[in-house]
Asks: 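Got a structure for you, written out below as structure tokens; questions coming shortly.
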Amino acid sequence: MRQSQLFAPTLRETPAEAEIISHKLMLRAGMIRKSAAGIYTYLPLAQRVLTKIAKIIREEMDREGGQELALPIVQPAEIWKESGRWDVYGDEMFRLEDRHQRQFCLGPTHEEIITTIVKNDVRSYRDLPLRLYQLQNKYRDEIRPRFGLMRGREFIMKDLYSFDVDEAGLEESYQAMYRAYTRVFSRCGLKFRAVDADSGAIGGNSSQEFMVLAEAGEALILYCNTCNYAANVEKAISKTVTPQFDGSIKELELVATPDQKTIDQVCSFLGVAPESTVKTLFYGTGSEYVAVLVRGDDQVNEVKLGNLIGGNKLYLASPEEIHEVLGLPVGYVGPVGLEKYQVKIYADLTVKDLHQVVVGANQSGFHYRNVEPDRDFNNVEYVDLRTVKSGELCPHCDGRLSEARGIEVGQIFKLGTKYSKALNANFLDDKGQSRPIIMGCYGIGVSRTMAAAIEQNYDENGIKWPLAIAPYQVHLIAVGADQLPLAEQLYNGLLGAGVEVLFDDRNERPGVKFKDADLIGIPLRITLGPKGIAQGEAEVKYRHTGNEERWNLNDIISKVKDYLKDNDSTDSKI
Ligand code: ATP
Ligand code: MG
């Protein structure tokens, strides 16, 4: 491609709207332009990167038995009503009506429609398994579209759905996708980690997210530095350490704690550590309140709580609201005697093992001390509800957990029979019995992966594309008009050798050309300048390392071919 003809309007200044690196650099490198919040045009350079990511994905899906199809974006409301998700999906769904006032949506995901397709044409176990996928725009009216392509309202996703006859088949499909995803992100040149993920209302240990490790990531990951345990903070567990206890059980004691309302205040007033206190929080579900008890030094994990009580309207009730509704004093609420208030009480597992703890006494200005949860709490259900912190012990080995930020680029998920039961997608097994198909679903954010690649590969001058997904492999620069004839020759030679070349044939100052080259970030830069040519050489610069070399003009094509071969990840043996 001749750069004089390329539509890549680069910008010197960073547009004010961009907050994170990938957004800034894609705007500056002339890759994307915004149409509306979370809705973007992909200009030619971006389109080339997306096409490359998509090609890698297609190859790896096909290698694991995937078959590509294309489902409609516009989907009838009926199937979403049948699955029960028309109402549950809420404001995130783009809804529309046709001229006959029939309701439709723009697909945010495609379980309903693909299950309907499969159920109509799959009859017997002989028609299974199936692994069907597509690459397509998805539509989600995100509450906060932001960070450019990272959280768009229109974005590209690869979604594959697996259909199996039994759990063992689903396990195979799931592992096949795990392998495929590992190869996809490795081939894209990304540093990533697969982490245990929250699987929402479906429960079970049946979902993993693929996280590209980068500062800008919205997700917090905890990972073991000894074994390969890694989990999203929403899901992470740890081996907890119970504070030391001398074995003496004391009598419950009411103590005056005037004006001591926060954990910190109470702790310093009574001279106790936060891990020897229990705090009581209230969550509203819209129809009722539940009380949640965690150690004073812990935080409630609202995702775990949401899964437990199934509330998608879950919110933390203010102490004032609880005072108004239940008559409990602000700042002095506690679990002793709380059963009288007719609320369901949940406590984190760590609370059960505590001794001689301090809690609010449900009387203004007073706390209890020497509380024994076993003896003094009634009607409490113990479950895992706390948020794990960096430095805690790994649940599987003796290692410790560390924190990192990650960008979720993919998720794999065992669905089981959730959709096949709701939509009656059954098959006849080898004994002629009708059974629901066992499903899985597997998504990759294609446009988000492009942004994530930049978040991991950039410097102050611009992008550093991993070779496999770079818009071009080689950036050929003619410093001035005098070098153009030789550069033309080399350009044609490289094209003839099958190399993807961007040829800067523009009538621009060298400084402008080099700045644009750094910004666009093509991995290998070959510059023809007057000095080098005089010595029969070209200047070569690797964008990733900044290393410079001089290549003999006669060797360039074979050296480029060697470079591409040495760095090829197509046959990644993962
Ligand atoms: P998130 O938690 O980031 O909102 P999600 O878990 O809702 O994502 P999935 O339904 O698992 O997303 O979709 C599969 C993949 O699609 C995600 O792993 C992510 O890479 C991508 N994706 C999801 N939402 C967006 C979005 N708004 N913009 C860009 N990519 C997205
Ligand atoms: Mg997800």
Side-chain angles (χ1 to χ4, degrees), residues 20 22-23 26 32 34-40 42 46 50 53-54 57 61 85 88-94 106-112 114 133-161 174 177-178 180-182 184-185 188 190 192-202 206-214 216-221 231-235 302-303 306-307 312 405-415 418-419 440-456:
I20 61 168
S22 57
H23 190 192
M26 276 191 276
I32 58 168
K34 181 163 114 178
S35 294
I39 300 178
Y40 289 86
Y42 308 116
L50 291 169
I53 298 173
I57 293 174
M61 292 301 115
R85 284 211 290 184
V88 179
Y89 224 99
D91 291 340
E92 230 179 71
M93 189 183 253
F94 275 106
L106 300 180
T109 177
H110 282 65
E111 284 82 8
E112 278 75 2
I114 194 139
Y133 76 94
Q134 60 170 351
L135 279 121
Q136 194 188 57
N137 280 348
K138 293 278 184 277
Y139 296 84
R140 295 184 185 176
D141 198 356
E142 298 271 359
I143 187 163
R144 284 211 292 163
R146 57 187 182 151
F147 301 155
L149 302 190
M150 212 59 99
R151 187 164 293 285
R153 294 196 295 167
E154 176 183 85
F155 60 95
I156 308 171
M157 198 200 285
K158 182 286 304 178
D159 42 332
L160 184 143
Y161 304 87
Y174 187 87
M177 284 304 114
Y178 184 94
Y181 277 40
T182 304
V184 165
F185 297 118
C188 287
L190 301 174
F192 65 96
R193 201 138 182 178
V195 305
D196 290 352
D198 172 51
S199 50
I202 297 162
S206 55
S207 182
Q208 281 159 300
E209 285 162 342
F210 285 75
M211 296 283 186
V212 164
L213 305 177
E218 288 183 286
L220 188 63
I221 302 166
N232 193 316
V233 68
E234 294 176 347
K235 170 91 181 174
E302 295 184 0
V303 174
N307 288 341
N312 57 352
R405 298 215 75 89
I407 301 167
E408 180 199 325
V409 285
Q411 185 163 19
I412 58 178
F413 214 117
K414 290 185 189 170
L415 290 170
K418 182 179 157 89
Y419 294 94
C441 70
Y442 316 85
I444 293 180
V446 181
S447 39
R448 187 184 280 184
T449 298
M450 171 163 74
I454 297 174
E455 292 295 335
Q456 222 175 48

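Atoms within each ligand, like the ligands themselves, are counted from 1 in listed order. All figures in this text were calculated on a predicted structure; none of them were measured in a lab. Residue numbers run from 1 in the order of the sequence given.
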Asks: Within 45° of the six-membered ring axis of Tyr174 and under 6.0 Å from that ring's centre, is NZ or CZ of Lys414 located there?
Replies: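 So Lys414 does make the cation-pi contact.
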
Asks: Out of Arg140, Met157, Gln411, who is nearest to atom 12 (O) of ligand 1 when you count heavy atoms only?
Replies: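 Answer by nearest heavy atom: Arg140.
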
Asks: Less than 4.0 Å is my threshold; does some heavy atom of Thr109 fall inside it relative to ligand 1?
Replies: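 In this structure, Thr109 fails to qualify as a contact of ligand 1 - no heavy atom is under 4.0 Å.
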
Asks: Can you list the atoms of ligand 1 that are under 4.0 Å from a heavy atom of Gly410?
Replies: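 So the answer, numbered in order with elements, is 18 (O).
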
Asks: Do Asp198 and Asn232 get their side chains close enough for a donor-acceptor pair, meaning under 3.5 Å?
Replies: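 Per modelled atom types, Asp198 and Asn232 side chains form no pair under 3.5 Å.
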
Asks: Let me know which of His23, Glu218, Glu455, Arg448 forms a side chain to side chain contact (heavy atoms under 4.5 Å, CB included) with Phe147.
Replies: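 That would be Glu218.
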
Asks: Can you list the ligand 1 atoms lying under 4.0 Å from a non-hydrogen atom of Arg151?
Replies: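 Going through ligand 1 atom by atom, the ones under 4.0 Å from Arg151 are 1 (P), 3 (O), 4 (O), 26 (C), 27 (N), 28 (N).
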
Asks: Under 4.0 Å, counting heavy atoms only: does Arg153 come that close to any atom of ligand 1?
Replies: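 No, Arg153 has no heavy atom closer than 4.0 Å to ligand 1.
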
Asks: Between Gly406 and Ile221, which heavy-atom pair has the shortest distance, and what is it?
Replies: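 It is CA-CD1, 3.8 Å.
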
Asks: Only heavy atoms count here, so choose which of Ala219, Gly445, Pro145 is nearest to atom 21 (C) of ligand 1.
Replies: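 Heavy atom nearest to atom 21 (C) of ligand 1 belongs to Gly445.
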
Asks: Distance under 4.0 Å to a non-hydrogen atom of Glu142: what atoms of ligand 1 satisfy this?
Replies: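 Contacts of ligand 1 toward Glu142, numbered from 1: 24 (N), 26 (C), 27 (N).
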
Asks: Measure distances from the Mg ion (ligand 2) and count the protein N, O or S atoms below 2.8 Å.
Replies: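 For the Mg ion (ligand 2), the figure is 2.
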
Asks: Tell me the protein heavy atom at minimum distance from atom 22 (N) of ligand 1, and give that distance in Å.
Replies: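 Protein heavy atom with the smallest distance to atom 22 (N) of ligand 1: Phe155 CE1, 3.4 Å.
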
Asks: Should you measure from each heavy atom of Val409, which atoms of ligand 1 turn up under 4.0 Å away?
Replies: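 Near Val409, meaning under 4.0 Å from one of its heavy atoms, ligand 1 has 18 (O), 20 (O).
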
Asks: Is Gly152 in contact with ligand 1, taking contact as a heavy-atom separation below 4.0 Å?
Replies: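 It does; at least one heavy atom falls under 4.0 Å.
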
Asks: Just to check, does Leu149 reach to within less than 4.0 Å of ligand 1 when the distance is taken from its heavy atoms?
Replies: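 So Leu149 counts as touching ligand 1.
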
Asks: Quick one: look at Glu408 and ligand 1, take heavy-atom pairs under 4.0 Å, and tell me if it's side chain, backbone, both or neither.
Replies: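 Both backbone and side chain.
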
Asks: Cut-off 3.5 Å, side chains only: do His110 and Tyr133 have a donor facing an acceptor?
Replies: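 No pair is found: no donor N or O on one side chain lies under 3.5 Å from an acceptor on the other.
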
